[in-house]
Amino acid sequence: MGVVIVGAGQAGMQLAVSLREGGFEGDVTIVGQESYLPYQRPPLSKAFLSGDSDFESLEFRTPEFYVGKEITVITGEQVVDAAFDGDSGTATTDAGRVLTFDRLALAPGSTPRKLPLPGAELDGVLYLRDLEDALELKARWADAANVVVIGGGFIGLEVAAAARKAGKTVTVLEALDRLIARAVSPITSEFYRQAHERRGTSVRLGVKLERFVGGDDQVGPRVTGVELAPDADGNVEIIPADIVMVGIGVIARGDLAAKLGLETVNGAIVVNEFAETSDPRVVAAGDAVLLPHPLGGEAQVRLESVQNAVDQAKVAAATLLGKREAYHAVPWFWSDQADLKLQIAGLSTGFDSTVVRGSQDDEHFSVLYYRDGRLIAIDAVNDPSDYMAVRRALGAGANIPAELASDSAVALKTLITAGS
Amino acid sequence: MPEVTYISPDGTITTLEARDGDSVMETAVKNGVEGIVAECGGACACATCHVYVDEAYFGVVGEPGDLEDDMLDGAASERLPNSRLSCQIKMRAEFNGLLVRIAPEQV
Ligand SMILES: Cc1cc2nc3c(=O)[nH]c(=O)nc-3n(C[C@H](O)[C@H](O)[C@H](O)COP(=O)(O)OP(=O)(O)OC[C@H]3O[C@@H](n4cnc5c(N)ncnc54)[C@H](O)[C@@H]3O)c2cc1C
Ligand code: FES
């Protein structure tokens, strides 16, 4: 029995490791299109930009580790086709290599959504998904005085914070009326707007863009600014930029899944709670997957996080090992922006009330989200105690009553009440 | 390169040479030492890299920082006076010979 894993990222690596930990004795092959062994992405918008880490510190495992575990990692090749023929199948890479498998695992991740404005091809308009992107950003970092970030999501704001820390003039342009709108409530959004402004970043909300402006230099056409759509009086504003970092979300890489005839929605590979795709011979995990809400209910969600990639890969590995372990992990996430550590547990979508604890002025607070009186999620800023308490409560199916939680002086972990 | 020794919950003892500046967590995970989960990859955001630092080294290695301190309160295994998150201990020459016991429960 052999398993081929498409994608050598967070989920692909974990799947392979979990297969071996679970006693799988067949062949395990990971194919990754990047030319590196699997590495962590979170530092790319954080420590790596500030120069605090090198490639070796990004690598998940040493090369010897994979050898020791008999996990074959093929790098620098993209799987361009895969098909079943009876009980087994073959995957073909762009280098013409043909791999046979009994079971297939898809962990292709996602790709940045492109901003189709005039001037998009100018040099210096950058995206950030992989190490190559990060190296390119880093190569231009020192000489860039003006950095414009398009998109006020996690990655954009992390890059903005790093640029500000490096003393650059930084402008964040967001189309919506608040930051990180997809993941947090208006309370947390507004806190981050103010926190970035306090640190000297200009945050512009509700912005409409016209085009990237460029000029020629020795190397060719290069971005020099971002032009906003004319205001009501017809005035045009151009924000100077040596680098424009676009972070407006990602698209799931479901193309290979679609080729295999698997069900996808907007590119995302649909799976059940056992990480099985619409063809149970194929499992899938990570950013590219649309899964049933892990904490129950009808909703399907796509989660872009380390936690999801890891926990789902474990479920997928269990499925391949013939164990049925439904995915019920509490979603969690973190984001480091300047000296602000944001930690999120649960999914706040659909909340009907909130409790705010601590002090936003002191940059140490948390927002608890409730639906029908039940705790469903937390955003904690520089407050790991509240975060950990909520994570544990959600994991145990327990509640923390809102009326008790509103007293910031009482530690949340003392308020957890038994599950339903 | 400074050496660090891990005692896994099942009693396995592993000694590794650490790259200067690599954390005690990274050194273990990259080389496949079992018991340190390190879900967040060293961001001090998960508390699944909990270790107990041997008494002889606790003074050298020092106390946890504020965030780490709070995270440790939520760790899955009992917190002891010598508890640390191993991703927050960066190896240096002075730590040569460091001995840590990996906490039995991480998640
Ligand atoms: C800059 C940045 C910062 C982040 N910060 C955080 C954070 O602070 N906290 C957090 O929880 N999450 C963070 N994330 C998200 C997290 O890194 C992702 O959720 C996680 O990497 C998803 O894992 P994955 O395996 O699904 O995809 P990936 O890690 O992207 O791996 C997929 C791999 O598959 C390869 N691939 C795709 N198709 C093929 C094919 N056909 N053949 C061969 N190879 C293929 C891709 O090239 C890629 O290398 C961040 C992401 C980025 C980019
Ligand atoms: S690895 Fe997550 S806190 Fe240490």
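Sequence lines set the chain letters: A, B, ... in the order given, protein chains first and strands last, and positions in each chain run from 1. All values below come from the heavy atoms of this structure, side chains included, with hydrogens, waters and symmetry mates left out.
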### Winner by heavy-atom pair count (cut-off under 4.5 Å) against chain B, out of Glu21(A), Arg392(A), Gln14(A), Gln10(A)
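Answer, by heavy-atom pair count under 4.5 Å with chain B: Arg392(A).
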
Check the surroundings of atom [atom1] in [X]: do more than 12 heavy atoms from other residues, nucleotides or ligands lie under 6.0 Å from it?
X	atom1	value
Lys90(B)	NZ	yes
Glu94(B)	CD	yes
Asp66(B)	CG	no

For [X], is it the side chain, the backbone, both, or neither that has a heavy atom closer than 4.5 Å to a heavy atom of chain B?
X	value
Glu64(A)	neither
Tyr387(A)	side chain
Lys69(A)	side chain
Glu56(A)	both

### Query
Given side chains that start at C-beta, do those of Cys46(B) and Trp334(A) come closer than 4.5 Å, heavy atoms only?
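The answer is no, as the side chains (C-beta and beyond) never meet within the 4.5 Å cut-off.
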
Could you pull out the closest heavy-atom pair between [X] and [Y], with the gap in Å?
X	Y	result
Phe65(A)	Asn31(B)	CD1-C, 4.2 Å
Met388(A)	Ala75(B)	CE-N, 4.3 Å
Met71(B)	Gln343(A)	SD-NE2, 3.5 Å

### Task
Sort Glu34(B) into side chain, backbone, both or neither according to what part of it lies under 4.5 angstrom from a heavy atom of chain A.
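The side chain, not the backbone.
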
### Query
Given that the side chain runs from C-beta out, which part of Ala76(B) has a heavy atom under 4.5 Å from chain A: side chain, backbone, both or neither?
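Both parts, heavy atoms under 4.5 Å.
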
### Query
Taking 4.0 angstrom as the limit, do Glu39(B) and Arg391(A) come out as a salt bridge?
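Between Arg391(A) and Glu39(B) there is a salt bridge, with a charged N closer than 4.0 Å to a carboxylate O.
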
### Message
Between Lys341(A) and Asp70(B), does any side-chain N to carboxylate O distance fall below 4.0 Å?
### Response
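Looking at Lys341(A) and Asp70(B), the cut-off is not met.
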
#### Entry: Contact leader toward chain A among Gly32(B), Gly21(B), Ala43(B), where contacts are heavy-atom pairs under 4.5 Å
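Most heavy-atom pairs within the cutoff with chain A belong to Ala43(B).
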
### Task
Assess whether side-chain contact (heavy atoms from CB on, under 4.5 Å) is satisfied between Asp54(A) and Arg19(B), documenting all intermediate values.
CA-CA 12 Å; Asp54(A) 57 8; Arg19(B) 260 205 327 159; 3.1 Å; yes

### Message
For the OG1 atom of Thr62(A) and the CD atom of Glu26(B), what is their distance to the nearest 0.5 Å?
### Response
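Nearest 0.5 Å value for the OG1-CD distance: 12.5 Å.
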
### Task
Sort out for me which residue in Asp73(B), Leu72(B), Leu67(B) forms a side-chain contact (heavy atoms from CB on, under 4.5 Å) with Pro384(A).
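Only match with Pro384(A) under side-chain contact (heavy atoms from CB on, under 4.5 Å): Leu67(B).
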
